[in-house]
Amino acid sequence: MNFVDARIDVRLIHGQVATQWTRMLQAERIMVVDNAAVENPLQKKAMKMATPEGVKLSILTTEKAIENLKSGKYGEQRIFFVCASPKVLADFLDAGIKVPQITIGNLVGGEGKKRVYKSFVSPEEEAWLEKLSAAGIPIHWQGIPGDTRMEFMSMLRKGGTE
């Protein structure tokens, strides 16, 4: 497995991921792991249309992604992993798959969520992020490649920011 980054962003594939991130990371494959997206033909079509030419796309359930990765299906392809929740990465970790780093993008607000810089985290998401951090995975916030990369867990542990 050759993960170049794992991004948590509720928008999954959108303009910034499709153009800026994929190009900067020199990704050969975007792997979207989102159980709901797998079942949504319109969302899948939009993500396929947004994927840059020459970049492969996988839209998978968590279980299928783990199965494919463990089997070595993608060889040494440079994989840019995208999901909407840190739970997916915690499930990967439980299955023995450890990503080298995590970049937090857009996590939307809602009841019970606390603001952490420009994202929002629920108590459940916080627990998954703590688990990933405890496994030694660096976690940063970075909206676009030109933004300053900020260490996320220290901000989260301080109780968030305004």
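One is the number of the first residue; the rest follow in order along the sequence. When reading the values below, keep in mind they use all heavy atoms of this one structure, side chains included, and skip hydrogens, waters and symmetry mates.
Listed by chain and number, the residues in a side chain to side chain contact (heavy atoms under 4.5 Å, CB included) with R23 are T19 (sequence neighbours excluded). For T22, the side-chain hydrogen bond (donor to acceptor under 3.5 Å, both in side chains) test picks out no residue, with sequence neighbours left out.
Counting non-hydrogen atoms of other residues, nucleotides and ligands closer than 6.0 Å to CD of Q20 gives a total above 12.
Checked by atom type and distance alone, the side chain of T51 never pairs as donor or acceptor with a backbone atom of K56 at under 3.5 Å. Judged by distance alone, with hydrogens and angles left aside, the side-chain atoms of N35 form a donor-acceptor pair with the main-chain N or O of T62 at under 3.5 Å. Remark: side-chain polar atoms of R78 are paired, donor with acceptor, to backbone N or O of Q26 under 3.5 angstrom.
Using a 4.5 Å heavy-atom cutoff, the side chains of V55 and F80 are not in contact. Taking 4.5 Å as the limit, some side-chain heavy atom of L107 sits within range of a side-chain heavy atom of V10. At least one side-chain heavy atom of F81 sits under 4.5 Å from a side-chain heavy atom of L89. A 4.5 Å side-chain heavy-atom check between F152 and I102 finds every atom pair outside the cut-off.
Contact detail for K44 and V38: the closest heavy-atom pair is CD-O, 3.3 Å. Scanning all heavy atoms of the two residues, the minimum distance from V33 to A65 falls at CG2-CB, 3.6 Å. Nearest heavy atoms, Y74 versus S58: OH-OG, 3.7 Å. Contact detail for G105 and D9: the closest heavy-atom pair is CA-OD2, 4.0 Å.
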Taking distance alone, no hydrogens or angles, what donor-acceptor pairs closer than 3.5 Å link side-chain atoms of residues 127-146 to residues at least two apart or in another chain?
unit_1	atom_1	unit_2	atom_2	d
E130	OE1	R157	NE	3.3
E130	OE1	R157	NH2	2.9
E130	OE2	R157	NE	3.1
K131	NZ	D94	OD1	2.5
K131	NZ	D94	OD2	3.1
S133	OG	R157	NH2	3.1
H140	ND1	R149	NH2	3.4
Q142	OE1	R149	NH1	2.8
Q142	NE2	P145	O	3.0
Q142	NE2	D147	O	2.8

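Here the CE atom belonging to M47 is positioned 10.0 Å from the CG atom belonging to L42, to the nearest 0.5 angstrom.
Judged by distance alone, the side chains of D5 and Q101 do bring a donor and an acceptor atom under 3.5 Å apart.
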